[in-house]
Amino acid sequence: MNANQRLKPSHQGGGGGGSCADSPEPGILNERVLLLVFESIQWDLRVLCLVSSVNRKLRAIAKRLLWRELCAYRAPRMVATLTAGGARIGGGWPAVAKLMFFCCGAEPSRNFRMGQQLPGHFASTSRFSKTSGRSFLPRRCRGDVLYVSDPCEHEMKKAGHQDDLGVYRGVFKEFSGSRTRACLIGRRVGLEDRACPYCGARVWSMTTARLVPRSAARRLGSRNGRLEYFVCVNGHLHGTCWLAPLSSEEEEEDDGGGGGGGGEFEDDYDDDEDGGDDDKEGGRSGQDAVNEGDDRAATDGSTSSTGEEIIGEWGPAE
């Protein structure tokens, strides 16, 4: 179903006297106008947040139509993959949009110690990758489709930590039918007493479930046992890790699997990463800049090294 098919016709007040202007929440005469307005401002996230908070009717239109169009504009390849074959979006498009553009911050858990809670914030640039997502899947679950972002780096020296904190997030395609969910159910892993920061649903701790492959730490630039992530019942992933210092000496130590905590990983899963250099960074960052490298490969002729990575940014394009 395309955007035009999802548009709902508006109805003027009937019976001779009534009109939309007489209503405390007048209707939108033509939803196509909203689409044209947002296309003209290149789907500015802040404007959409403001519009959806005006009244219930605009909020309903945003939930039904505008958030999906925002996601499709900012991350067309990712959205095409997540919806391929009529796949259902767990938790709805507002949750996916929030996940794309919002770093949820971090708080301590029983498997991850940190001195203080880190508040969430809008991310000026977010890069998601299906290749990175495969590094977070145990071998028996490699058939699942998972997009995971690069970690958002937070300096924690003021809080008494030597390493920076990485916060990352991701989303499964059709999690309800995934092997990961089946594995969690099969192992009778209990839900945590915390909520998904993107949709409010209950979550599983993948560390508690012993479903964290060693390749996840290498993909993040962390060490084994120094990360944790959660997956909610709608398939949204969020997690934290301690980032290893970027020096040749530290990289050599990391290759040896240092850092301890190996007991939190499942030994019968392979820990080899997927090959290729489709994980390279590209483009420029900044709130009002647009990094069009991989994200626009299918829409404006720009090229990409892999065709699997997408870049989502908030704010209007230059």
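Reckoned from all heavy atoms, side chains included, excluding hydrogens, waters and symmetry mates. For reference, positions follow the sequence shown, starting with 1.
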Worksheet item: Is it the case that S132 and D150 place a side-chain donor and acceptor less than 3.5 Å from each other?
Response: no

Donor-acceptor list for residues 85-104 side chains, cut-off 3.5 Å, not counting sequence neighbours:
from, atom 1, to, atom 2, distance (Å)
K98, NZ, P197, O, 2.9

Practice prompt. Under 4.5 Å between side-chain heavy atoms, chaining through other members, with only Ile, Leu, Val, Met, Phe, Trp and Tyr counted: pull out the rest of the cluster around F230, sorted by chain and number.
Written response: V203

Discussion item. Less than 6.0 angstrom separating the ring centers of Y168 and F136, yes or no?
Written reply: yes

Worksheet item: Shared ILVMFWY cluster between V51 and I41, side chains joined below 4.5 angstrom?
Response: yes

Worksheet entry | Test side chain to side chain contact (heavy atoms under 4.5 Å, CB included) applied to H238 and V167, step by step | CA-CA 8 Å; H238 71 281; V167 182; over 6 Å; no

Fill in: Side-chain donor-acceptor contact under 3.5 Å, T240 with Y229
no

Discussion item. Taking L137's backbone N and O only, do any of them form a donor-acceptor pair with R142's side chain (distance below 3.5 Å, no angle check)?
Written reply: yes

Worksheet, complete the sentence: Separation between CZ (F172) and OG1 (T180), nearest 0.5 Å, reads 4.0 Å

Worksheet entry | V47, V33, D44 screened by side-chain contact (heavy atoms from CB on, under 4.5 Å) with F38, the one that passes | V47

Worksheet item: Is there a chain of hydrophobic side chains (I, L, V, M, F, W, Y, each step under 4.5 Å between heavy atoms) that links L82 to W67?
Response: yes

Fill in: Verdict with supporting geometry, S126 and R169, side chain to side chain donor-acceptor pair (under 3.5 Å)
CA-CA 10 Å; S126 297; R169 63 238 194 241; 2.5 Å; yes

Worksheet item: Ignoring hydrogens and geometry, is there a side-chain-to-backbone donor-acceptor pair from D144 to R179 under 3.5 Å?
Response: yes

Discussion item. Test your reading of the model: is there a side-chain donor-acceptor pair from S215 to the backbone of S135, 3.5 Å cut-off?
Written reply: yes

Worksheet item: Quick check: does any side chain N or O of R113 sit under 3.5 Å from a backbone N or O of S109, one acting as donor and the other as acceptor?
Response: yes

Worksheet item: Will you find, in the side chains of S129 and R134, an N or O donor that is under 3.5 Å from an N or O acceptor?
Response: no

